[in-house]
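Below: the structure, in structure tokens.
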There are 4 protein chains.
Amino acid sequence: MIFILYLIKMCYNMDIEKVIYMVNFRNDYCFIAHDEVLKQLMEYNNKTFVGYGLDEVSEEAKQLIKKEIKNENVDVHFLPGGTITNKVLISHLLRPYECVISCDSGHIATHETGTIEQSGHKVLTVPNYEGKIKAEDIKKVFYTHPDEHMVKPKMVYISQPTEFGTLYKKEELLQISKTCKELGLYLYVDGARLATALTSHLNDITFSEFASLTDAFYIGGTKNGLILGEALVVLNEDFKKDMRYSIKHFGGMYCKGFVTGIEFKTMFTNNLFFEIGKKQNEMANKLYNELLNIGVKFLYKQETNQIFPIFKNEIIEELRKYFMFELWERKEEETIIRFVTHYKVTDNDIEEAINIIKKLL
Amino acid sequence: MIFILYLIKMCYNMDIEKVIYMVNFRNDYCFIAHDEVLKQLMEYNNKTFVGYGLDEVSEEAKQLIKKEIKNENVDVHFLPGGTITNKVLISHLLRPYECVISCDSGHIATHETGTIEQSGHKVLTVPNYEGKIKAEDIKKVFYTHPDEHMVKPKMVYISQPTEFGTLYKKEELLQISKTCKELGLYLYVDGARLATALTSHLNDITFSEFASLTDAFYIGGTKNGLILGEALVVLNEDFKKDMRYSIKHFGGMYCKGFVTGIEFKTMFTNNLFFEIGKKQNEMANKLYNELLNIGVKFLYKQETNQIFPIFKNEIIEELRKYFMFELWERKEEETIIRFVTHYKVTDNDIEEAINIIKKLL
Amino acid sequence: MIFILYLIKMCYNMDIEKVIYMVNFRNDYCFIAHDEVLKQLMEYNNKTFVGYGLDEVSEEAKQLIKKEIKNENVDVHFLPGGTITNKVLISHLLRPYECVISCDSGHIATHETGTIEQSGHKVLTVPNYEGKIKAEDIKKVFYTHPDEHMVKPKMVYISQPTEFGTLYKKEELLQISKTCKELGLYLYVDGARLATALTSHLNDITFSEFASLTDAFYIGGTKNGLILGEALVVLNEDFKKDMRYSIKHFGGMYCKGFVTGIEFKTMFTNNLFFEIGKKQNEMANKLYNELLNIGVKFLYKQETNQIFPIFKNEIIEELRKYFMFELWERKEEETIIRFVTHYKVTDNDIEEAINIIKKLL
Amino acid sequence: MIFILYLIKMCYNMDIEKVIYMVNFRNDYCFIAHDEVLKQLMEYNNKTFVGYGLDEVSEEAKQLIKKEIKNENVDVHFLPGGTITNKVLISHLLRPYECVISCDSGHIATHETGTIEQSGHKVLTVPNYEGKIKAEDIKKVFYTHPDEHMVKPKMVYISQPTEFGTLYKKEELLQISKTCKELGLYLYVDGARLATALTSHLNDITFSEFASLTDAFYIGGTKNGLILGEALVVLNEDFKKDMRYSIKHFGGMYCKGFVTGIEFKTMFTNNLFFEIGKKQNEMANKLYNELLNIGVKFLYKQETNQIFPIFKNEIIEELRKYFMFELWERKEEETIIRFVTHYKVTDNDIEEAINIIKKLL
């Protein structure tokens, strides 16, 4: 009998001096930015701009996004990071007693230090299935909150891909969207790594189909090559009014909005956004398959750029001498770790990694 | 096999006109007040008082409470209701990012419409065992919240008795208290029905021992014969400073504080507080045993004044013609209901109830 | 010209043992309740009720209130106190970045320990004129808050009568109401002492006319003879939905709602509500006129049951031996104090008071 | 005589297409970044970093800052923007009922869309004198908030320089700091443009003296050549514990913290931070003196890089064809505007500006 003991402290608390690593598999936000992004910033640096995202380049970027999702009738806002984006969107329209439903592994439920609660709203959790929420669980939690002695469910929060790198398929998204509409719930999607979802070899939904199923979602930039920035896309009319007030009120208004404007314009010019996502997935796929070949087990199948190999506890310390990664969950004899592949990982990095791990097994 | 479907709507949404009930088993707050309480209010009504709980009678009441728990060194505050008392105590000292641990059936976790979240704090839940929290689960949740990307556990909330009428035994309370001290967590006890806990035939802890294990707790008045009022008892020095500011800030300052003062003075004069609790338990015990005798099953054993009999679904509608009660949980073929006995229930009420139910089975 | 201006500590911090007072002029909430209220509670104490204000007597009380304001189409909710009533109404509908406008002497702006801010909303203040707000100042503050870098005004809060016992006349209320409608602002009136406003010798507006000018207001009970309770009357459809959720969420749901139901039924039976208000005014009027006769100056004219006489600083200590009252403002040589007359003050009390003060002058 | 009418809508709402401007005097955050900053980012872009500000370059930057203020015993945190920095610091330690004192022109009081209130705290305002707060007003507001029926003052917020570009002199800062210590209040300084204060020709306090008078302050980066970022410096031990929790909880944790680390390292290498500030001031000084020479009046004297010339209303529209600037306040016949000079303004820009304005007068 095995039972989960506890999540262990994040890697960044390790004594980093002693790690002579080959390659950084810790996350996809360990570089400053994609070279093209910095290049564009250099080129625009002889101009002046209107602040707070009201400049022309931000407008160009917004038009490019609208074109991608084939919908002119949306509002786009650029915010500095994912947590503040979630906070602003979720808190903007909910009445004080209304709450948001998330699966128990959802980022807002676990890794945002209670920032949704800071705005006064409960995050009602339901079980996750490989990081995903089930439409029937949404119904169940909705019907068990029938009156004013309990919070009132009003929104569903999901991530695409999930915290475990897994992917909602089109059919699942349709079910969830339909359930939300039936119950009068808003559907909001955290797309911190949306590029990897849309370019996954398992993805079966187009960007515009995906967008049309939501009331709002955000397109993650920080984990896809930007210095900073996420693009919040608002489809539902209810949310549009006064959104800029909420952005400022909750502390998410970014003074030099034109910077994120330039970045997103760069992303959605020449398909760069998707190329980065695709590259991140391909490296994960390669690493996953090669590890499978040498007998490594995984928590879940690889679907995007996060994979969760399982190693004997005694190997972990050795691995830490060569790689940066996060410890995910420690069990009695084995530890699950997380490898994330970013856009600067090379084929060579993967091959050397496999060679090292092969020797340690 | 399918089981629990959903909690069903609270009884008060039934069409009350059609209920020609014999006896009200819905709750213990269905009467205005114990006669002695109203009598005392009448007698004091020729006097004038200083407002906001700073009068002499409130001071007398506080002294009586200190005497009961054999501790002069506590602060006592009278508040109008349980939810606001929980909100004030929990929100007074927690830093913004700190959270409170409760079992998933805890009142603050389920039945307070997110009022703790309204103050910005997450309620971290762990499984309940017959309504109770286990010390080892407190440890587990504490150690899985190790850094600033998650909320920081700082307080444990329990109810004595629990939402299911069950009782923490002395040994369990000692374990929980010890765990809290080890981990640097505050222990706060919701005593909405504390009188029934202290007078239960299964209780093995004195009032003063109980008090000494907590950092703060409240003595429930509303469910024990008062018009309104709970007595918040604060033992830990950390909480004492500026508590009256938090009471006012969160909306719990009661203008005519002397009314709750008079009520609690009445309660702790001639043992009335405990007599009411005892009476409420005795009626539950009698009803429980007689129902057992005629073959009724229960969710849990009777420990205080709430019992949870299980009936076939087809009987429920019939029962509703004779009794007021709450529907607790509906399964496929059976429904769990809740009977609460209050201090005005008589032996005769119980006997007639048994006669009716016997016929319906 | 110099004038020190600070409020001095509330009277209740005086050493109350040494005050051998004749009569309590400190406030109108120094008694438990009007005798008729307690009598009715005694009579109803043999019955059981549905909780949380969903009982039949509360319904009867609501009907009586609707009849008084000649409007069937309103929602009425009973809450335990004024501060929590203000908090619930104001926070229920405002979006996070929206704010409420109050004059700088408004109760929510000064004497509620930041409870509106606790819900996340700024209280924007404008100057008071004898406790009143001017329609033109509402316009000014509205137009100087034009964009998302500032809070967005959405509601106006006034008190009738004001914190200084002064009265808005019909014409003033019409102006304010009209301005609010023009600007898309809600108008909410704090009626903690509404009975004294409606029965003032200077009042020129009927209860139903008054009600029709507001989006919501509350009828104060606590300061007009109740043990506890205020009746929140909601006229604007926007506010009606889910109000009970907000009442619970912010901590204002009162378990034994039937108690406030019975109290308000008593108030609006046989005109008791207005008789109490009228009596409170008459005593203030008598006291005011007799003090004027013996040469006492006042901060404002008497309009309801609060008057603000000005005495030389050296007399204050002497006065404190005979009367309970609040110190309002201390200047260099004189102190403004507040006398409030309640429904148990008698003609004889006034006459003895005048005799004492005459000797001290 | 009638004066101030209303603040008018921010410039950025003008139809920007039609402005064929010569030079942007609207603000000091209209460029992407100082060239040296972008150059450093390019150089570091081949490395990977630990996230969330725990990398080595951020550590180097922190050491440089500690050296500048000659104090090893401080904590430094990098945050993305000024509003979120204010929110985090102010909300981190205040108890729920505690408030912050600011002058009425303070950024937190007027231009942050209620973000301090969003955390539950009132901003108590006192009058400003050329943008500055007086120590005696702090005392006055402290003593008029004596008990639990009012919020409790616990912190003073000032800006150096102020919203009007004016400067606190050493003596004024000493007075304010002393008053805060006497009253048990924390002193927090918003240094959005701190570089211009420290390099003003009127400045009479060193950086380390300045720092030592505060409990915390922030060093503004965004308005001094950074892409994004402010450095929060915490001196008082009370604030140090768990600050990273509050940064995440309120939404101010920046994923790629190493970017702000690199930026601040760049700023405090070779004195760049001060050179930029100095340049910004010099251009303002030149513009101010030349405008004085041609007869332009000003709201206040030039002390840092913001100046407030006053023009006849009919000229404003003409000016808008040549310059970008903010309208500050419109009076009957004249309008106050704001010119801000940034580090890319040249002598030539100033001269051409003067030529144009001369013709318009």
Side-chain angles (χ1 to χ4, degrees), chain A residues 11-13 16 21 23-24 26-27 29-33 35 38-39 41-42 44-52 54-56 80-84 86-88 111-115 117-119 222-223 226-228 245-256 258-259 262 324 342 344, chain D residues 11-13 16-17 21 23-24 26-27 29-33 35 38-39 41-42 44-52 54-56 80-84 86-88 112-115 117-119 222-223 226-228 245-256 258-259 262 324 342 344:
Chain A
C11 264
Y12 48 71
N13 288 314
I16 56 175
Y21 62 92
V23 57
N24 190 334
R26 182 177 296 161
N27 59 51
Y29 46 87
C30 57
F31 278 97
I32 292 173
D35 292 337
L38 285 184
K39 193 169 147 250
L41 291 179
M42 286 296 241
Y44 273 106
N45 200 27
N46 62 339
K47 295 192 133 193
T48 71
F49 299 87
V50 177
Y52 304 109
L54 296 165
D55 62 286
E56 305 98 320
T83 296
I84 193 72
N86 288 337
K87 183 183 186 68
V88 165
H111 279 90
E112 299 191 353
T113 318
T115 198
E117 288 85 356
Q118 198 278 324
S119 307
T222 309
K223 291 168 179 166
L226 263 55
I227 291 182
L228 84 158
Y245 278 90
S246 279
I247 293 174
K248 179 92 181 199
H249 176 70
F250 290 111
M253 184 70 87
Y254 175 43
C255 205
K256 293 186 169 178
F258 45 85
V259 171
I262 293 165
M324 295 185 82
H342 52 75
K344 295 209 179 175
Chain D
C11 264
Y12 49 70
N13 287 314
I16 55 175
E17 300 313 305
Y21 62 94
V23 57
N24 191 334
R26 182 178 295 160
N27 58 50
Y29 46 88
C30 57
F31 278 97
I32 291 174
D35 292 338
L38 283 183
K39 193 169 149 250
L41 290 179
M42 286 297 241
Y44 273 106
N45 200 27
N46 62 339
K47 296 193 131 191
T48 72
F49 300 87
V50 178
Y52 303 110
L54 296 164
D55 63 285
E56 304 99 319
T83 296
I84 193 72
N86 288 338
K87 184 182 184 68
V88 166
E112 300 190 352
T113 318
T115 197
E117 288 84 357
Q118 197 279 326
S119 306
T222 310
K223 291 169 179 164
L226 264 56
I227 291 182
L228 83 159
Y245 278 89
S246 278
I247 293 173
K248 179 91 182 199
H249 176 70
F250 290 109
M253 184 71 88
Y254 175 43
C255 206
K256 294 186 169 178
F258 44 84
V259 171
I262 294 164
M324 296 185 82
H342 51 76
K344 294 207 178 175

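A note on names: the letters A, B, ... follow the listed sequences, proteins ahead of strands, and every chain is numbered from 1. Remember, it's a predicted structure, so these values are computed and weren't measured experimentally.
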Checklist entry - With a 4.5 Å heavy-atom cut-off, do A/Met42 and D/Met42 have their side chains touching? => result yes
Checklist outcome for this item: Assert top hit (heavy-atom pairs under 4.5 Å, partner chain A, pool D/Lys344, D/Lys47, D/Glu117, D/Gln118) equals D/Gln118
Checklist entry - Between D/Ser246, D/Gly114, D/Pro80, D/Gly81, which shows the greatest number of heavy-atom pairs under 4.5 Å with chain A? => result D/Gly114
Item to check | From CA spacing to verdict: side-chain contact (heavy atoms from CB on, under 4.5 Å), A/Tyr245, D/Thr113 | outcome: CA-CA 7 Å; A/Tyr245 278 90; D/Thr113 318; 4.1 Å; yes
Item to check | D/Thr83 portion near chain A, given a 4.5 angstrom heavy-atom threshold | outcome: side chain
Checklist entry - When rounded to the nearest 0.5 angstrom, what is the spacing between CZ in D/Phe49 and CG in A/Asn24? => result 10.5 Å
Checklist entry - Taking side chain as C-beta onward, heavy atoms only, is A/Ile84 less than 4.5 Å from D/Met253? => result no
Checklist entry - Can you say whether A/Asp35 sits under 4.5 Å from chain D via the side chain, the backbone, both, or neither, judging by heavy atoms? => result both
Checklist outcome for this item: Nearest heavy-atom approach of D/Ala33 to A/Asn45 is O-ND2, 2.8 Å
Next on the checklist: The test is side-chain contact (heavy atoms from CB on, under 4.5 Å); show your working for A/Phe31 and D/Tyr44 and say whether it passes.
Outcome noted: CA-CA 9 Å; A/Phe31 278 97; D/Tyr44 273 106; over 6 Å; no
Item to check | Contact origin within D/Leu226 toward chain A - heavy atom pairs under 4.5 Å | outcome: backbone
Item to check | Ring centroid separation A/Tyr29 to D/Tyr254 under 6.0 Å | outcome: no
Item to check | Worked check of side-chain contact (heavy atoms from CB on, under 4.5 Å) between A/Val259 and D/Leu228 | outcome: CA-CA 9 Å; A/Val259 171; D/Leu228 83 159; over 6 Å; no
Next on the checklist: Can you tell me which portion of A/Ser119 sits under 4.5 Å from chain D's heavy atoms? Options are side chain, backbone, both or neither.
Outcome noted: both
Next on the checklist: On a heavy-atom basis, which atom in D/Ile227 and which in A/Lys256 lie closest, and how many Å separate them?
Outcome noted: O-CD, 3.4 Å
Next on the checklist: For a side-chain contact (heavy atoms from CB on, under 4.5 Å) check, start with the C-alpha distance between A/Val23 and D/Thr48, then their side-chain angles and the critical distance, and finish with the verdict.
Outcome noted: CA-CA 9 Å; A/Val23 57; D/Thr48 72; over 6 Å; no
Next on the checklist: I need the minimum non-hydrogen distance between A/Gly251 and D/Thr115, along with the two atoms involved.
Outcome noted: N-OG1, 4.2 Å
Checklist outcome for this item: On a heavy-atom basis, the closest approach of D/Lys248 and A/Glu112 is CE-CA, 3.9 Å
